[in-house]
Each structure stands twice: as C-alpha cells, then as structure tokens.
Amino acid sequence: MSASGNDQHTPPAEAIGNPAAAAAWLERNVVESLPSGGLKRKLEQSVAESRPLRVKLGIDPTAPDIHLGFTVVLGKLREFQELGHQVVLIIGDWTARVGDPSGRSATRPQLSIEEINANAETFADQALKVLRSDRLEVRRNGEWLDMPLDELFGILRTTTVAQVTEREDIANRLRSGTPVSLLELLYPVLQAYDSVAVEADVELGGTDQHFNLLLGRDLQRAFGQQEQVAIELPILTGTDGERKMSKSLGNYIGITEAPADIYGKTMRVPDSALDEWYGLLVGNPPSEVLTPRDAKRQLARELVTRFHSETAAAEAESHFDRVIVRGEMPEEIEEGHIASDSEATVHLPAVLSELFGISRSEARRSISAGGVKLDGAPVAELDLVARELDGKVLQLGPRRHRRIIVD
RNA sequence: GGGGGGAUGUCCGAGUGGUUAAAGGAGACGGGCUGUAAACCCGUUGGCUCUGCCUACGCAGGUUCGAAUCCUGCUCCCCCCA
C-alpha cells in the first residue's frame, strides 16, 4: 500500500491499449455495466478514433464534504484516468437546487444558494484526493441548465410522467401519501440532460442512480447523440454497518474530517462490515493472519494515510490507544476559559454547557450519570469553587476534554 | 371549485377533556462490559436560577375548574370528484 493509496487503481499492463482487457478490468467490481458489452465497444471506438472517452460523474453539492462512500465511485473514475480517458466532473450546482429524489422517502430539505455555492467551491478540491488533476474537466451544470423556458420544454417533452413515477422510490412515496413535488420529477431529466451537454461516453454512479443513468441514454438518443454506457457501483454501508452511508443518516466519514475522527469512526464500524469496506475501499480482502481488531486498525490507518498522511495516521492511532483503549488523557487538550473570581462558586452545568455546547439540563443529567470527570475522577457536585477547577481537565463522556483556565 | 382525511417531541408513532413533559419504537447520549467508539446489559433523552418553575402536541383565538384532546378562523399536506 502506497502513501497515495491508489495502487488499487493502477491498471495491469495487459489492459493498456487492449479494449477487451481494459473493459474486463474496469468492470471487475461494478454491480452493473449497461448495455452489456457496451463498455468494450466504447473502448474499441476510443482506440479506433484515438480519442479518450468522456467519462461523466455528477455530484450535487448538498453537503459540505465528500464522504467515503463517494470515493468508491471516484476511485473508478481514477481508473478511467489511468487508462488515458477524460473525466468530466459535473458539480451539480443547479440540480442541487432541485434535489435528487433517488432512494429518498421524503423531499430533500431546501438548501440556500449560498450553501450550494460554498459546497461547490470545495468539492473539486476534495475530489482531487482521489482523482488525478490532469485528464479532468470540472463543470457546473448551471452553465447549461440556466436556460430559457422554451429550451427546457424541448427537454421535458422527451420523457413521460409514467417513466418518472414508476420507479420504486417515487412510486412508494406516491402510494404512502408522502408529498412528491413536480420539481423532483424533473430531476432525473435534468441530470440526463447533463450527459447531452457534455457528450458523455460513459456515466458512473451508485446503484441508486440506475434510473437516472439510463435516462441519460434516452436523452442522448433524443438529441441525436450516441448513448452513454451506464456503470453502477456498489453503495458503501455506513458506520452503523446497516444502512447506506449518507450525510442525512449521520453514518458517514467525510474525507476532510480530522485524522482522529476518521480513525475513530472506522474503528466503530461493526466487524461484520469489514469485508465490504476492504473490498470497496482497499480493493482486496484483509490479510487472513490479522484478527478483526488488527484488520480494522490497518484499515483505519490506511484511510487516514490516504486522506491525510502516514504521520497523521500514526498519531491518530496512538491517540486512539491512549484515550479510548487505556482511558487516559489525550496528549493535547484544548483550553476552556471561564470567567470567574477564583474564590467564587461556579455552576458546573453552566461550565459544561459553555465548553461543550450542550444544554445545562443535559449537563446535569451527565453529571448524575457519572459521565463528567475532573482530572479523571467523577464529580457529583453541581457547584464548585473556581480555584478548585483551575488547571484541571474537565471531561464529558469518554472523549471530550477541556483544560479549564479561570480568567 | 366541491367533498373527505390529516398536522404530536430528533425521527417514526400512540393518545379524542383530568397524575400527560405526553405510551411504544428508532436514533442519540451516559454507565457497565469489551480488542473497539461493535455486540450485549443498564440508565437518560424539552428548557431553567431544579424537591420547584417555565415552555410544548401546525398557527391564532375561544369554551372549561382543567384541553394535545371540544369550538371558530387561518396555514400546510394527502386522497377523491371537477
């Protein structure tokens, strides 16, 4: 495993310049590649015309960071790059305003334009943690979706209501009486039109994108273009080991998260999900000589190394051993300032509330449950003399610490 | 435009005048245990100046000793008809 963590995306020698071998390698861990044989034909065409394929991936900036599940798709894009093809990364600043209903049981919360733009800003940077910076074209779909109505009408004519309402997620919502807005029905058509706009040869997505990917082919045909190949990748399970990794379920690991968080969250993943995580994120199963614990530690190190550095991984591991395994204080503890006369009485719930951002009632509950410690010893009193707190480490639960400074 | 149904805590969901801060579940948090931040067990889960007080069942008002529960108006959602 290299520091870049991208060995898994390096093509074997026989795949270079050989469409059949290249297609087989690219399709080795995908769930679906449609139509069957389509990718090989595209690759042959690429060789014949000596032109790189345009491989599209759309990503809506609905959350501020890219999570691990998404890197599975990015990794596949990287493989196309390694074979010399052109990646077209579409930041869906306009589709984000519409909201993708795929796999959803309710309408997405509306994001403000400011949030969308702020997220869009960082997305390309984050994607570069997996993608190469050459053979990469980054576009925003506002470039073409901000169109006159008559053009939009032309696009909407291509698709029927039955098509967009028959898909399972939408059909379920209609059946259960959950609201579905017209805008949501529009979404797949707009995403499909992105394929037309960038003249995609291949589009990637998770299996939840099945409908959207195939509709892209329909739109391209309607606009007189060659149809793209649709490649569907597996969806990574979240840190709960059960549901798909997603921002809204809170079971995700963002690739820009702090090393200690990536390491810790990875350790929290149930052992039962280990094989899947190795397969999708590392590209090979864990070594059989490793116990589940050590396999998980190795995965955690590998992930921190990939998104930060080897040094950060070592530090994250020792932090984990120290704070979680041995229950000791972290090496570095953030200071927490409280303003008080040193002889005055301070109300502990108020201090906890201020330093850790919880409510005072919540703080009281934690205290009575024995979850609040001062220099490692549980505290029961609600009011303390400020002097007794000064310089001590206040701890909330197993992993939140602050060194108190009385000003 | 007409008719019918609905809006409950982070989420799902019970509750149709009186120990209801609101059953149950999920999630989350804390404790125990553990190789782990898993699993399992236990506890907590609106706020606060905390043996009490305040706020809360879409919004506004009303009836009542007392309402999430009854009435009126409004907003939003779903279904059917047009």
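Note on naming: letters A, B, ... go to the chains in the order of the sequence lines (proteins, then strands), and numbering restarts at 1 for each one. Because the structure is a prediction, the values reported are computed rather than measured.
Counting only N and O atoms by type, the side chains of T239(A) and N251(A) include no donor and acceptor under 3.5 Å apart. Side-chain contact check for H210(A) and E232(A): at least one donor-acceptor pair (N or O, by modelled atom type) lies under 3.5 Å. In the model, Q209(A) has a side-chain atom that pairs as donor or acceptor with a side-chain atom of N212(A) under 3.5 Å. Between the side chains of S195(A) and Q220(A), no donor-acceptor pair is found at a separation under 3.5 Å.
Look at CD1 on I324(A): it is 13 Å from P on G32(B), rounded to the nearest Å. In this structure, the CE atom of M267(A) is 10 Å from the C1' atom of A38(B), given to the nearest Å. Note: CZ (R360(A)) to C1' (C29(B)) measures 20 Å, nearest angstrom. Between the CD1 atom of I367(A) and the C1' atom of U45(B) there is a distance of 16 Å, rounded to whole Å. Atom CG of L174(A) and atom C1' of C80(B) are 15 Å apart (whole Å). At whole-Å resolution of the value, CZ in R243(A) and P in C11(B) are 15 Å apart. Counting to the nearest Å, the P atom of A37(B) and the NE2 atom of H319(A) are 13 Å from each other. If you measure from atom CZ of R365(A) to atom C1' of G31(B), you get 15 Å, rounded to the nearest angstrom.
The gap from the C1' atom of G5(B) to that of A38(B) amounts to 44 Å, rounded to the nearest Å. The gap from the P atom of C48(B) to that of G43(B) amounts to 25 Å, rounded to the nearest Å. Look at the C1' atom in both C70(B) and U16(B): the space between them is 9 Å, to the nearest Å. Here the separation of U20(B) from G27(B), taken at their C1' atoms, is 23 Å to the nearest Å. Comparing G46(B) with C80(B), their P atoms are spaced 39 Å from each other, to the whole Å. Separation of the C1' atoms belonging to U63(B) and G2(B) is 31 Å when rounded to the nearest angstrom. Rounded to whole Å, the separation between the C1' atoms of C78(B) and G31(B) comes to 44 Å. Here the separation of A39(B) from G32(B), taken at their C1' atoms, is 14 Å to the nearest Å.
Nearest to the side-chain atoms of R399(A) among the listed nucleotides G35(B), C48(B), C29(B) stands C29(B). Checking U49(B), C48(B), A37(B) against every side-chain atom of H347(A), the shortest atom distance belongs to U49(B).
The residue R297(A) sits apart from the nucleic acid: no heavy atom pair falls under 4.0 Å. Across all strands, P292(A) comes closer than 4.0 Å to base atoms (heavy-atom distances). Residue G264(A) is in base contact, counting any heavy-atom pair closer than 4.0 Å across all strands shown. Within the nucleic acid shown, S359(A) comes within 4.0 Å of sugar-phosphate atoms alone, with no base atom in reach, counting heavy atoms only. Among the atoms of the strands shown, only primed sugar atoms or phosphate atoms (P, OP1, OP2) are found under 4.0 Å from some heavy atom of R400(A).
For the pair V325(A) and A350(A), both in contact range of RNA chain B, the more 5′-proximal nearest nucleotide belongs to V325(A). Comparing D240(A) and G397(A) along RNA chain B, the residue whose closest nucleotide (by nearest heavy atom) sits nearer the 5' end is G397(A).
The existence of a salt bridge linking R297(A) and E317(A) is confirmed by a sub-4.0 Å separation between a basic side-chain nitrogen and an acidic carboxylate oxygen. Using a cutoff of 4.0 Å between basic side-chain nitrogens and carboxylate oxygens, R132(A) and E82(A) are scored as salt-bridged. Contact check on R217(A) versus E203(A) returns no salt bridge, with no Lys/Arg side-chain nitrogen under 4.0 Å from an Asp/Glu carboxylate oxygen.
If you check G17(B) for Watson-Crick or wobble pairing at under 3.5 angstrom, you find it has no partner at all. If you check A39(B) for Watson-Crick or wobble pairing at under 3.5 angstrom, you find it has no partner at all. Under the Watson-Crick or G-U wobble criterion, with both distances below 3.5 Å, C76(B) is paired with G6(B). Across the strands present, G27(B) finds its partner in U45(B); the criterion is a Watson-Crick or G-U wobble pair with both atom distances under 3.5 angstrom. Nucleotide G1(B) has C81(B) as its partner under the Watson-Crick or G-U criteria, with both atom distances under 3.5 Å.
For G35(B), its base never sits under 3.5 Å from the side chain of D321(A) at any donor and acceptor pair.
Between S366(A) and G30(B) there is no side-chain N or O to OP1 or OP2 distance below 4.0 Å.
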